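Here the structure is laid out as structure tokens; the discussion comes afterwards.
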2 protein chains.
Amino acid sequence: MASGDRRRTRHEETVGLILRAAWRLAERDGLAGLSLGELARAMEMRPQSLYTYFPSKQAIYDAMYKQGFEELLACHEALPAQRDPELFLAAAAEAFVDFAAERPSRYQLLFQRTVPGFAPSEESYAVARRALEGMRGWLAGAGLTCERDLDLWRVLLLGLAGEQLANDPGGRRWRQLAAPAARYFVTFARTENGDQK
Amino acid sequence: MASGDRRRTRHEETVGLILRAAWRLAERDGLAGLSLGELARAMEMRPQSLYTYFPSKQAIYDAMYKQGFEELLACHEALPAQRDPELFLAAAAEAFVDFAAERPSRYQLLFQRTVPGFAPSEESYAVARRALEGMRGWLAGAGLTCERDLDLWRVLLLGLAGEQLANDPGGRRWRQLAAPAARYFVTFARTENGDQK
DNA sequence: GTCTATATCCAGATAGAC
DNA sequence: GTCTATCTGGATATAGAC
């Protein structure tokens, strides 16, 4: 029915607006400092009305987590194709630091475990796994297929973004290290794998 | 005066016990979830009595921050001497991951910026700088003196510890990557520096 | 879907008696 | 130094009228 559809659409629009506002407040007050009162005020609602859209505060964090990984997947798909896998990985590493720098609280929710009591639902975590599988595919494209390679790649991404956010927010000090670090990683992984074979 | 000395000693002892309890609670409830009520209960005090020892909750976080870096410095000094700087850096990287794994909330307070509103005092930050200067010295011992080398070294430490805590707490998955990553870091940095000269 | 009203609980912090 | 008492303001969440 048309009226049912319209109502559902309106509901989902509001859910989207609430998440937008939640990200904005998380940037301003800290992710763990997000409060339903402030969030409601930003939406020009009473705090209780938020429960029409989310059953709990945890559910809001969970929706943010899922949305964050969906955005990361979109960011991955937007990466330009590259013949050279090394150049592709360098661009991917830069894009990851940019992704984190653009919204620090998103990096914090997705990759650090700092919100007391929060754990993603199975459904949301599935999106996170898809992002990781995408990375596994890139490495395979560069001839790197063992689990250790993926683990070290993750170290570089996490470390680059973490240092950039914590010690040079708004700058480029670690961002500019992303490409050489990615090259380092590929050389290292190939050498190590060669040693073992 | 003897009685004055004894009182001061008792006071400082209590401060130490409060910090111990604060770390324990931070591990249990999350660093940002630390509450003065819980902390007082652990000390068998009323919450108000804590103000005899610390003027605010922020001051407690600040003392924890300073203590954490003092512990890191002690950990650095405990590293066995090594003729080979590469072996020394490998051991240092492993020790750093162990340091983080042993008390995740300490890693979180010292190296992530996730407690809403917390910023270290100048005095406490000075201790953090000493720890960083120590690392600079190690790299210099391996012939690595440019700022970029130190930045990439920090990426490795932060990334290794962060992944270990977030995705394999209690395990050794990233810890065992520390030594090979450090060894290759040295090789890579020397090669890069050679290219530039 | 949004509201008023309320429940329940907790936070960090201060004043002043003992 | 520790306590009782209190302030002030928040939090998340639920019930039920409109």
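These numbers were taken from a predicted model, which means no experiment stands behind them. Numbered from 1 within each chain, the chains take letters A, B, ... in sequence-line order. Computed from heavy atoms alone, side chains included, the values below leave out hydrogens, waters and symmetry copies.
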Value in whole Å for how far the P atom of D:dT12 lies from CZ of A:R41: 12 Å

A:E38 side chain, from C-beta outward: closest of D:dA11, C:dA13, D:dT2: D:dA11

Phosphate-side-chain proximity, B:Y51 and D:dT2, N/O vs OP1/OP2 below 4.0 Å: no

Between P of D:dA11 and CG of A:L25, the distance in whole Å: 11 Å

Sugar-phosphate, base or nothing in reach of A:T14, heavy atoms under 4.0 Å: nothing

Gap between atoms CZ and C1', on A:R10 and C:dT2 respectively (whole Å): 11 Å

Candidates C:dA11, D:dT4, D:dA13 - which lies nearest the side chain of B:K57: C:dA11

Euclidean distance, atom CD of residue B:Q58 to atom P of C:dG12 [Å, nearest integer]: 11 Å

d(CG, B:L50; P, D:dT4) in whole Å: 14 Å

Proximity to the side chain of A:S35 - top-ranked nucleotide from C:dC3, C:dG12, D:dT12: D:dT12

Value rounded to 0.5 Å, distance of CG in A:L89 from CG in A:D84: 9.0 Å

B:S49 side chain near D:dG1 phosphate (N/O to OP1/OP2, under 4.0 Å): no

Whole angstrom value for the distance that separates C1' of D:dT14 from CZ of A:F54: 19 Å

Gap separating the CG atom of A:L160 from the CZ atom of A:F96, nearest 0.5 angstrom: 9.0 Å

Any B:F99 side-chain heavy atom under 4.5 Å of B:L157 side chain: no

Nearest listed nucleotide, side chain of B:L36, among C:dT2, C:dA13, D:dT12: C:dA13

A:F54-A:F118 co-clustered via ILVMFWY side chain contacts under 4.5 Å: yes

Separation of B:L17 CG from B:M45 CE (nearest 0.5 Å): 8.5 Å

Between P of C:dT2 and CG of A:L17, the distance in whole Å: 11 Å

Nucleotide nearest B:Q48 (side chain, heavy atoms from C-beta), chosen from C:dT2, D:dA13, D:dC3: D:dC3

Integer-rounded Å distance: C:dC10 P and B:D29 CG: 13 Å

Per A:R46 side chain, nearest of listed nucleotides C:dT4, D:dA13, C:dA13: C:dT4

